[in-house]
Amino acid sequence: MATSKSMTLSSTTFAKLSPHPYLLANLQPADPSTTPTRTNGRQPSQTRTPYINTSSLSHAHGSAVVRNGDTTVICGVRGETILTSAIPNYRAPSPSDDSSSSLDEARDYDLLVPNIELATGCAPNFLPGVPPTTLAQTLSTRVYSLLHSSKLVDVSRLRIYPEEAGKENKEEDDEKMDEAEEIDEYAVAEDKAVKAYWVLYIDVLFISFDGNPFDTAWTAILAALRDTKLPFAYWDADREMVLCKPVFTAKEKQKKGSGSYWILVDPDRLEEGLCDETVTVVVDKLGRSTKILGISKHGGTVVGPELTKKMVATAESRWEQIHAAIE
Amino acid sequence: MPREAEPSQNEKDFILKAVREGHRLDGRALDQFRQLDLKFGDQYGIADVTLGKTRILTKVTAEVTVPYTDRPFDGIFTITTELSPMASPAFEVNRPTETEVLLSRLLEKTVRRSNALDTESLCLVAGQKCWSIRVDLHVLSHDGNLIDASCLAVVAALRHFRKPDTSMEGDTLTVYTPAEREPVPLSWLHSPFCITFSFFGTISIGEDGEEKDIWLLDTTLLEEQLRVSSCTISMNKHGEICQVAKPGGAPVEAVTVLQCSSLALQKVKDLSDFVDQKLAEDSKHRNKGGLLAELSAENAR
Amino acid sequence: MFLRVICSPQLPASSSQIGRKNLIWVESNGGRYIPAVGDLVIGTVHHSAADFFYVTLSDYTSNATLPQLAFEMASKKNRPQLHSGDLVYARVSLANRHMDPELECVSPSTGKAEGLGPLSEGMLYSISLGMARRLLMRKSAEEGKVVVLDELGSAGLAFETAVGRNGKMWVNSKDMKTVLVVGRAVTETDEKSLAVEQQKKLVRKLVKEMA
Amino acid sequence: MPLDTSTYNLALLRVDGRRWNELRQQGNTKIQCIITGPNERDASKNTSSSASTAPTAGGAGATLAVSIMIAPFATVDRKRRGRNDKRVQEMQTTIACGLAAAVQGQAYGPRSTIHIALNVLSQDGSLLAGLINAASLALVDAGVPMTDYLVACTAGSTSSYAAADEAADPLLDLNTQEEQELPFLTLATLGATDKVVAMVCESRVQLTRLEGMMATAADGCKAARDFLDGVVRDKGELMVQEGAIGRGEVVSSMDLD
Amino acid sequence: MTTTTSGPEALLSHLHSADGSATFSYAGYTIIGAVNGPIEAQRRDEIPEEAVVDVVVRPAAGVGGTRERHLEALLQSTLRQIILVTNFPRALIQITLQVTVAPENEYVNTKVVQANTNLPMLPALIQTAVLALMSAAIPLTATLTSVVIAATTEDGSNRDIINPTAREIEKSRSLHVFAFTSHGDLILTQSEGEFTMKEWEDILASAQQQCCPNTSGDVNMGDDAATGADLGTFTRSVMEAKIASDLYWK
């Protein structure tokens, strides 16, 4: 495929004509001395360095911009109060409920509402005026699940108690004032029952899209949540809660015939298009021992337990990278 | 968009000729229904209807929600009919065909607008909380007469359904889980059914050349593709018409429509009895020592 | 028609796979017709263009092409006039995963129709691919264990049939009732998978009903 | 009226694709109908647009595409209806299939489409009936050959379904208020015959009531037909005065009628 | 509903309008699958060299939302690995999976629309899809078997529950879904919750035990093993039965 003749036609043309052979040609260069490089010049296991900038939006309670290569994501978190009486399926937690009660407030009352949008034109294949792509829908489902399964946000900090209970009123800012009033109306003096909740609207917008969306989106959400200060005394509540979980995506493509394959870390759009198998690992190293919070692999049979293990290791290294970036 | 199957000219000619002489491919009489069967699920509110090779599955679900602002004292009651490629590749996901629109409209008029379900009984806290009862209808296999089969499935499922029990202490509403309290049935007012007549033109009878309309009941898909027009009459067994729809197509004598409507009453009575009997059988085998209670207890462990 | 399930020889009906080499074909009723060269099929003319008829072999699949000259004695001047909706009995002359199938209504060797060509009047029934195969066997009664047609014949019914491997059967007769009976006999045998004895019983029943 | 439509037809062929308007009024229900075509069908448009279509003469003739627009100010309570409101779609289908029974579509090629755009300006009951009458009048005016007018009318029954008194006498052509109060049906017949092309009843009513209501509606339809026919003839006269067409022809055509 | 006690059940080719169909019920789920194809793909999404595999998942209640899209994406990328897609260029193979029964949690009132992933349903969906594909005589390179396992901590001791009930899943620490090909290769993994690599490997082992005991080493497991059936053998026997009934006349 990669004969000198065909290589003489500009590599971009080659890429356009037959992207897949082009990718492979790059991964197995003609002479063995040169190390295999990807079409984007990176080593197979080399990631793009993320750049993170927080509190970039004035109106959101928390926000972050994450740039990972040409994938750029803005995440804005906005808190809104919802009164328990306004929650149709609300059910006062009865003392009888044991600790492992079936009641999961965050999920049952939708207190965390992630929404992912791939802006028109962030990549050539996103056209205006079409319903949300499968990718967008899949992403928001995965994000939603991870938000809950990882218990990233402490639900107890989203509860709002009547005046007496909440001694936080000291350092209210103006926004708090109206919140407080709103709550007073319904605050019943004696009981300490929850009167309202904060609902966190987490909006993620892809400005430009060049592969590895889940990874970048999640990083943005983390950064934004850490940055979130709700107008209440527990203003930095989220800080200690935030666990840093870099997500790591590997793609491999089985070459026709021989069973040889490559693992491409943090793939770009071209690569994602051409690879079959995807592995995503979510790790949390904040504790003394590494905790895995999610493994998701589909689309092929090459990655077995051993490879998965290797990838967890790679994920850990990536964790450091992003942790550093967020700090 | 995938092509809908078109019967060949030979089939068209033959079937029309046969029908004119009073014959159908499967040897049924012109006004005869195919084998009808109705099964209920282990969970409440699941009805599985088979009519010949047509198969419909309906599931009822209840959810507490906020009532519409313009109807604070009513609950919410919706019937969703989305035909999937399972029934035929011609049905694409979220791209309603005409068949689908007419079907959901007929169910809407027959079951919802005729107040078969008492929506006021679904109100929990006026203007704040109410039950939202939703029926999801799935066409698993489409061999004609979707309307009659679907209507029967919807009615059966709703009558089989139980919604969670609730109580009000002061201004706090408690919705009990099935484990806490046995769910309660909906307040059901009457059971309407659809009978669809398919017309196949006219034949002249007697030497005076008087024209008579030919019609079939419970048509197969092939027969439906060849009919010149159809008329769906919805009634309950008390002879109350809930809806009549003849959406255009070739004209038929007014007299014929009247004859159809009185025959429809007979058929509706049969269907009505059929569903009553099936429901009775189901509740009998359920009440063998509170089956549900046992199961829930098992789950707890 | 053969079902392509890849499975191990020692367990013919299982589908547990052991390498592409020992891939074997298991036959079954199920599935959609996939054209193969030499198959006899019954198609419905969808539309006609300059030199071709476009013929539907099964719903929702791309049409097969039938050259207007691929008929007995067909020439530029006199070629058969087929209209949308007409039935043709044809042989698959070209089947290739990359191209739409091609049909012919004449034997390229003899130049004779050999029973192929337009099917007028009568009724078209859909049958399972398995049943089509059995009816097309040289000795369908002995090998395929379908006796309904013979039985009906010996019961004194006069009719003609054509079977297409694409799961179609065409039945024609002077008497409409005969067509109905033949159709029901075959479809019921197919759907209720009747054994020889049951088939005979069914035929007796149907013939009695007819009279 | 074969001849005089044919004269329209000549005019039509000259200016194919131009619009013919007809403002039709029934009580306080005001409906405007615009016929366009017949012009070549483009499949893409038909699938995308919210119009409902029906082939005439068993697919051998032109296709009718009906689309209804209900103006937000048409009703008292200003309610905006989505273009693909199922209720509206149902009416579109009923009208399209209903007219298909009357229109002689084979006069045009099977690839042609006649677009019927109905705009509801003001709504006061008998909407479907009004729409059908408007459409068929507009079709005649557009010179589309039809076997007869497709005419429609509503009829109600004065006592509610619960009461069992057989003496309940039917009403003709209901307005919005009556429609909300009483059970009623809409009947569309082919000209003066008793042939039912379309029939829609959306309220609970005793089976015994049906006959009376249908009879009343049928009479209403006859009246509607005469009215429509009158309008067409007046239009004809007018055209004669304007000299749009030669007197001789028209007189003969009127005689033939 | 009591689930794990009753073994898997399947019914093949029972929907007449589809090219292939299967109803599969196991562990409290009942799913009806239908396969149409190979049929003509729409111009815009046809692939010149191979068949388009289109998966539609429809919940029993409510119309499909983001969670169904996610399941569809997982199934699609998995199934096109075992279907010989290159046999049918420019064609479409359409797989519709209709959930009819899903276990209900006796302790929580049902919520129709849910956004979180629905991992517990995945194995049943995969099994149904494979059976339906076979019923439609679509050529496959392998069959799949899949299982869901919940890791729970009860009074200090860790315990892996195979085919957990809705209640058990709620209390579990982590939840895992695995799918293997009939050659014993791991083709799909979905794990969520909180766990270590060690735990993951143990769970993987017991999953192998479930799905393809003949390929996996004899991992000794708790009494839970008894509750699960050997799905590989099951799929095989179902297919045998099907072929036998098709060839009843031989």
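So that the names make sense, note that chain A is the first sequence line, chain B the second, and so on, each numbered from 1.
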Which donor-acceptor pairs under 3.5 Å do side chains of residues 138-162 of chain C form with protein atoms, sequence neighbours excluded?
{"residue": "C:Lys145", "atom": "NZ", "partner": "C:Glu142", "partner atom": "O", "Å": "2.7"}
{"residue": "C:Ser154", "atom": "OG", "partner": "C:Asp150", "partner atom": "O", "Å": "3.0"}
{"residue": "C:Ser154", "atom": "OG", "partner": "C:Glu151", "partner atom": "O", "Å": "2.7"}

Exam field: side chain C:Arg97 to backbone E:Thr86, donor-acceptor pair closer than 3.5 Å
yes
Closest heavy-atom pair and its distance - [X], [Y]:
X	Y	answer
E:Ile39	C:Thr61	CA-CG2, 4.2 Å
C:Ser193	E:Tyr248	CB-CE2, 3.2 Å
C:Gly31	E:Ala137	CA-CB, 4.2 Å

Is there a side-chain contact between C:Tyr60 and E:Leu92 in this structure, where contact means two heavy atoms from C-beta onward sitting under 4.5 Å apart?
no
Taking the side chain as every heavy atom from C-beta outward, state whether E:Arg90 and C:Asp100 have any atom pair closer than 4.5 Å.
yes
CG on E:Asp246 to CE on C:Met131, rounded to 0.5 Å
11.5 Å
Can you tell me how far apart NE2 (E:His16) and OG (C:Ser128) are? Round to the nearest 0.5 Å.
13.0 Å
Exceeds 12 heavy-atom contacts within 6.0 angstrom, atom NZ of C:Lys192:
no
Report the option among E:Pro38, E:Ser237, E:Pro48 that has the most heavy-atom pairs separated by less than 4.5 Å from atoms of chain C.
E:Pro38
